[in-house]
Amino acid sequence: MIDEGKWQKAWMEARIFEPAVIPGKKKFMVTVPWPYTNGSLHVGHGRTYTTGDIVARYKRMRGFNVLYPMGFHQSGTPIHAFSDKIARGDPGTVETYRAYVSQYVEGEKINEILESFKKPENIASYFSKATVNDFTSLGFSIDWRFKFTSAEPAYGDFVQWQFRRLNSRDYIKQGSYPILYSMDDENAVGEDDIADGDIDKVSVEEFTAVKFKGESYSIVAASVRPETIFGITNLWVNMEAPYVLCLMDDEKIVVSKASAEKLRRQHINFSILDDVDPKSLIEERFKVPVTGDEIMVYHSSFVDPDNGTGIVYSVPGHSIWDYVAIKESGIDLHMKKVISFPDKQYSVENLTNARGITSISDTEKLSAATQDLYKYEFYQGRMMDNCGSLSGMSVPEAREKIKGELLESGDAFIFYETSRKAQTRSGSKVIVAVLRDQWFIDYSNPEWKKESHSLVDRMLFVPAFYKENMHETVEWIRERPCARRRGIGTKLPFDDRWVIESLSDSTIYTSVYPVIDNLRKIREIRGKIDDQVLDFIFLGADMPPEYDDVRSISEKARNDLLYWYGCDLRVTSIPHLSNHLVFYIMNHVAVLPKRFEPGGLMILGLVVSRGAKIGKSKGNAVNLLQVTKKYSADVYRLYVATVSDINSQIDWNEEDLQTVIRGYESIISFLERYRKDDSLPGHIETWFESKFYSTLEKFIQDMDSYSVRSAYVRIIFDVMNDLRRVERRGGSVNVALGLVLKEWLISLSAVIPHACEEYWHRYISDTFVSIQVLSPGKDRIDGILLESEAYVDSVTEDIREILNVIRKKPSSIIIETCDESARNLMKLADENRLSEIPQELKRYIPEFMKIRRTLRIMNFDEYTVLEENQEFFSRIFDCKVQIRKGMLGRSNKNSWPGRPAIHVET
RNA sequence: GCGGAGGUUGCCGAGCCAGGUUAAAGGCGACAGACUCAAGAUCUGUUUCCGUAGGGUUUCGCCGGUUCAAAUCCGGCCCUCCGCACCA
């Protein structure tokens with residue numbers, strides 16, 4: 001067992017991962033997303049960080065000056081939310097955190113720490129420290145000198161500077177915006193706050209709320225299908241439910257009481273005046289906008305007062321609910337059809353019959369049928385001639401048009417509803433509220449998009465198809481709310497009631513790594529970091545004389561930044577694509593000069609566990625530190641590197657892990673058994689050397705294009721198989737391994753650094769393998785040697801196949817190589833000079849043509865090679881083996897180039 | 001629906017961009033053998049079907065096309081997965 005901790009300590013003490021700025025030396029900066037510090041990490045998280053470390057270590061062995069920095073994300077609301085829950089004593093949360101903490105401490109100490117978690121900043125700082133420990137245990141080659149968090153003041157100054165820059169380019173906007181909102185808490189809610197919010201997502205839906213004018217007030221029905229307004233026959237209310245009269249912008253309207261509570265939070269001038277007796281609604285007539293039809297109101301129990309406005313306008317021609325409700329209550333009404341479509345199966349009548357729907361209580365069937373009908377009409381439907389200005393339009397067109405017209409004329413307003421009924425985890429109802437003064441970053445600016453596209457074109461994407469994907473994302477992105485009313489983070493510089501939202505504050509933070517220590521010093525001297533200083537460091541602007549007290553520090557920062565930044569590779573995962581990564585790209589374009597632009601993105605696939613998405617609630621979140629402790633860091637790293645391609649999903653499971661462990665043990669066993677042996681290498685050892693360097697060449701090619709898996713499968717498993725071949729061929733593994741051991745250890749060290757360090761020190765030298773540079777050794781590849789081994793293989797296979805067919809044990813085998821005349825015949829045939837073949841050989845042409853494609857003239861003497869391997873053949877086939885020079889026509893089997901005749905005697 | 005990825009031999013998973021050397025890498029599983037008192041581990045071989053001579057045969061979601069030649073190129077269809085926003 002390798003003492004991994006020993007090497008981690010040794011690396012730390014020797015400070016080998018803390019590179020100096022060396023002007024002229026090519027550098028490589030690799031980053032991964034900084035972890036959010038609300039808990040300990042599971043095996044899923046580890047993939048990205050480990051891959052980042054493998055890249056960092058690989059680039060080091062290729063001679064780059066490598067910077068792999070790390071920080072911690074602390075801003076946002078989840079840490080707050082968890083802290084609140086712990087303070088409230090929420091059993092689930094307390095249990096989760098007890099489990100986290102008990103990995104690091106024992107006994108009474110756990111309770112003490114849990115107690116401290118009632119303050120959010122303690123959670124953040126505790127898990128920042130814990131994660132440093134986890135990462136160290138994984139053998140990551142992180143330069144911890146540049147660690148910082150998104151909540152610290154020096155970084156906050158930078159974020160504010162960044163926002164002022166964005167604002168100066170007019171990319172910051174303010175406006176109204178619908179958000180999910182807790183009624184009891186009177187506060188915005190995120191996915192984490194909603195019960196089952198991670199499993200069943202809640203989104204905001206936009207309804208068109210249409211006003212139907214009556215005598216003294218309007219009645220409001222909200223619909224997602226405003227184009228059906230021409231087919232309205234009546235209105236529905238639920239007599240069991242409470243309705244209220246409200247005042248909205250000096251206009252009296254009636255909606256359900258539940259709905260009024262929502263509207264109150266969506267409109268400024270809105271107040272509830274009085275209760276309304278549903279009976280009075282039924283007695284009155286209302287006017288449909290646009291058509292001017294007078295319609296009646298009826299009762300139906302299917303109307304949900306807590307959905308929409310609690311009033312439904314009825315379009316029986318195109319709505320199954322309405323159709324069934326009318327039939328069931330026996331109301332005598334004329335159905336109006338306003339949308340035509342080709343397949344009559346989709347008429348409400350046929351759908352209702354076909355699905356056996358008889359009553360409005362068949363809610364499941366009704367919902368399913370409704371969904372099918374809406375979808376079908378939306379894509380296939382056209383507005384009929386009775387639809388005024390909408391006539392002849394497709395449904396989507398008509399919908400947009402009528403919605404615009406109704407809003408314009410004041411006959412309708414937008415009403416927001418949640419996509420499903422939802423509650424917060426503490427049980428408060430979740431509705432949609434409209435924030436009036438929400439701050440946005442406006443990513444829709446066409447110039448900005450254009451520059452961003454061009455940056456995307458310049459960047460490297462691994463896998464490549466994500467480049468196309470990123471172009472799409474840049475096109476698609478619009479305004480993004482960038483501030484919230486609560487949470488940890490930096491205050492918005494132009495409105496300090498707002499905290500910058502946690503993804504918006506972390507878009508170009510990677511540029512801060514190289515300078516964070518100097519930013520802290522500047523802040524210490526001046527109390528804050530002014531824009532003039534940041535302009536100097538990040539933009540190269542002149543700095544006024546009043547900043548002379550920090551000039552030399554700022555110059556140092558500027559120099560470090562110029563050397564290290566842009567980030568050559570950022571390793572992340574798929575979920576970041578449509579948020580963090582597009583912000584990362586666009587904010588670089590907007591804020592920083594071109595010389596600091598990012599070089600590339602490596603986007604990893606998801607990690608699932610035992611076939612399911614990893615989730616706390618699913619109980620399949622395997623803790624990363626536990627895995628490291630139970631198996632070893634090297635085993636986990638090997639798992640990440642070899643179990644799956646970077647773009648494919650990894651399924652964490654015990655079976656695959658066992659395979660990886662066996663692979664790891666094989667490597668260790670080869671390295672453990674090794675004893676230095678300087679004997680002169682024989683044929684097979686020389687072959688091995690040649691094969692190794694050819695493998696190493698492919699390894700480098702693969703790694704340079706970030707095909708980590710195939711690179712390491714090669715350099716591990718191919719090399720081990722070749723070593724076994726050396727053994728099988730009677731060669732010396734020690735001699736063979738000795739020829740390549742240095743380069744093998746260096747190349748392996750990116751994935752299993754601890755083991756490599758151990759054997760490097762044992763067999764090679766007391767330097768660190770982790771910072772050695774690889775020597776490819778093209779001159780050590782002997783192509784002919786490789787070819788001749790492959791030839792021996794193919795002869796072996798042929799013999800084996802024959803033996804398989806005859807199913808008898810051979811008493812002797814004779815292998816006959818071809819003669820000059822066979823070679824000659826082949827040469828002439830290859831050059832299309834068949835007619836020049838000597839007369840006496842012509843009778844062999846048919847046989848030759850038949851097997852021609854399996855033949856090849858070798859670059860070596862077949863006889864000599866076979867002769868050298870005579871003993872080997874004899875051993876594996878356990879019989880006498882003779883090598884002879886054959887002659888065309890001498891026996892019933894002919895020898896051809898690359899395909900000696902094989903005679904088996906039993 | 002929009003955008004992206006994909007459907008390969010018992011399973012997982014390469015190959016497909018640059019068509020032929022592909023019955024199709026590698027791993028797992030299964031079977032046989034070696035080692036062992038035994039089990040495990042390890043090693044060797046087999047793993048579409050047929051075959052007493054290195055051969056033949058049928059296969060890469062479905063249908064069709066291009067080509068001397070297609071898992072690979074083109075068209076259509078069916079199916080699966082991921083993202084679609086204010087959430088880290």
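Just the heavy atoms: all of them, side chains too, but no hydrogens, waters or symmetry mates, feed the values below. Quick caveat: nothing in here was measured; it's all calculated off a predicted structure. The sequence lines fix the lettering, A, B, ..., with proteins before strands; numbering per chain opens at 1.
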Original post:
Does the side chain of A/R724 get closer than 4.0 angstrom to OP1 or OP2 of B/rC43 through an N or O atom?
Top reply: yes

**OP:** Give me the ring orientation class for A/Y155 and A/W34: parallel if the planes are under 30° apart, tilted from 30 to 60°, perpendicular past 60°.
**Re:** perpendicular

Original post:
Which nucleotide sits closest to the side chain of A/S578: B/rC86, B/rA88, B/rC84?
Top reply: B/rC84

Original post:
NA contact type, A/P35, heavy-atom cut-off 4.0 Å: base, sugar-phosphate, or nothing?
Top reply: nothing

Subject >> Minimal non-hydrogen separation, A/M826 against A/P897, with atom names >> reply: SD-CG, 3.8 Å

**OP:** May I have the distance from A/D793 (atom CG) to B/rU21 (atom P), rounded to whole angstrom?
**Re:** 20 Å

Original post:
For A/T473, what residues pass the side-chain hydrogen bond (donor to acceptor under 3.5 Å, both in side chains) criterion, not counting sequence neighbours?
Top reply: none

Original post:
When rounded to the nearest Å, what value does the distance between C1' atoms of B/rG6 and B/rU72 take?
Top reply: 16 Å

**OP:** Decide side chain to side chain donor-acceptor pair (under 3.5 Å) for A/R714 and A/S710; before the verdict, give the C-alpha distance in whole Å, the side-chain angles of both, and the deciding distance to 0.1 Å.
**Re:** CA-CA 6 Å; A/R714 262 188 226 292; A/S710 106; 4.6 Å; no

All N/O contacts under 3.5 Å from nucleotides 46-53 of chain B to the protein, with atom names and distances to one decimal?
from	atom 1	to	atom 2	distance (Å)
B/rU52	O4'	A/V805	O	3.3
B/rA53	N6	A/V904	O	2.7
B/rA53	N1	A/V904	N	3.0

Original post:
What interatomic distance, in whole Å, is found between C1' of B/rG54 and the corresponding atom of B/rG65?
Top reply: 37 Å

Subject >> Pi-cation contact, A/Y374 with A/R225 (under 6.0 Å, within 45°) >> reply: yes

Original post:
Per the side chain to side chain donor-acceptor pair (under 3.5 Å) rule, which among A/S502, A/S150, A/S506 passes with A/S75?
Top reply: A/S150

**OP:** List the atom of A/I431, the atom of A/R265, and the distance in Å for their closest heavy-atom pair.
**Re:** CD1-CD, 3.6 Å

Subject >> Length of the line joining A/I441:CD1 and B/rA85:C1', which is rounded to integer Å >> reply: 13 Å

Original post:
Taking OP1 and OP2 of B/rG55, is either one under 4.0 Å from a side-chain nitrogen or oxygen of A/R899?
Top reply: yes

What protein N or O atoms touch nucleotides 24-26 of chain B N or O atoms at under 3.5 angstrom, if any, and at what distances?
none

Original post:
If we take the C1' atom in both B/rC31 and B/rG13, what is their distance in whole Å?
Top reply: 22 Å

**OP:** Report the residue (A/E501 or A/D798) whose heavy-atom-nearest nucleotide on RNA chain B is the more 5′ of the two.
**Re:** A/D798

Original post:
At their closest point, which heavy atom of A/R480 faces which heavy atom of A/E501, and how far apart are they?
Top reply: NH2-OE2, 2.7 Å

Subject >> salt bridge (charged side-chain N to carboxylate O under 4.0 Å, His left out) contacts in which one or both residues fall within residues 432-445 of chain A, not counting sequence neighbours >> reply: A/K173-A/D442, A/D437-A/R485, A/D437-A/R497

Original post:
Which is it for A/Y791 and A/L866 under the side-chain contact (heavy atoms from CB on, under 4.5 Å) test, yes or no, and what are the steps along the way?
Top reply: CA-CA 9 Å; A/Y791 171 74; A/L866 292 176; 3.6 Å; yes

**OP:** Report the relative orientation of the aromatic rings in A/H580 and A/Y509; use parallel for angles under 30°, tilted for 30 to 60°, perpendicular for over 60°.
**Re:** tilted

**OP:** For the residue pair A/Y100 and A/Y97, categorise the inter-ring angle as parallel (less than 30°), tilted (30 to 60°) or perpendicular (more than 60°).
**Re:** perpendicular

Subject >> Donor-acceptor contact below 3.5 Å, side chain A/T37 vs main chain A/H73 >> reply: yes

Original post:
What's the CG-C1' distance between A/L606 and B/rG83, to the nearest Å?
Top reply: 12 Å

Short heteroatom pairs, N/O only, protein and nucleotides 4-10 of chain B, under 3.5 Å:
from	atom 1	to	atom 2	distance (Å)
B/rG4	O2'	A/N469	ND2	3.2

Subject >> Over-ring placement of A/R570 relative to A/Y584, 6.0 Å and 45° cut-offs >> reply: yes

Original post:
Counting side-chain heavy atoms from C-beta on, which of B/rA85, B/rC86, B/rA88 comes nearest to A/N579?
Top reply: B/rA88

Subject >> Which residue lies more 5' along RNA chain B, comparing A/S794 with A/Y36 via nearest heavy atoms >> reply: A/S794

Original post:
Between B/rG3 atom P and A/I603 atom CD1, what is the distance in whole Å?
Top reply: 19 Å

Original post:
Contact class for A/E479 vs. all strands (heavy atom < 4.0 Å): base, sugar-phosphate, or nothing?
Top reply: base

Original post:
Just checking A/A464: base, sugar-phosphate only, or nothing, at a heavy-atom cut-off of under 4.0 Å?
Top reply: nothing

Original post:
Looking at A/K691 and A/E789, does any basic side-chain N land under 4.0 Å from a carboxylate oxygen?
Top reply: no

Subject >> Heavy-atom protein contacts under 4.0 Å, nucleotides 28-35 of chain B, coded B base, S sugar-phosphate only, - none >> reply: S-------

Original post:
For the pair made of CD1 in A/I646 and P in B/rG13, what is the distance, rounded to whole Å?
Top reply: 16 Å

Subject >> Sugar-phosphate, base or nothing in reach of A/S504, heavy atoms under 4.0 Å >> reply: nothing

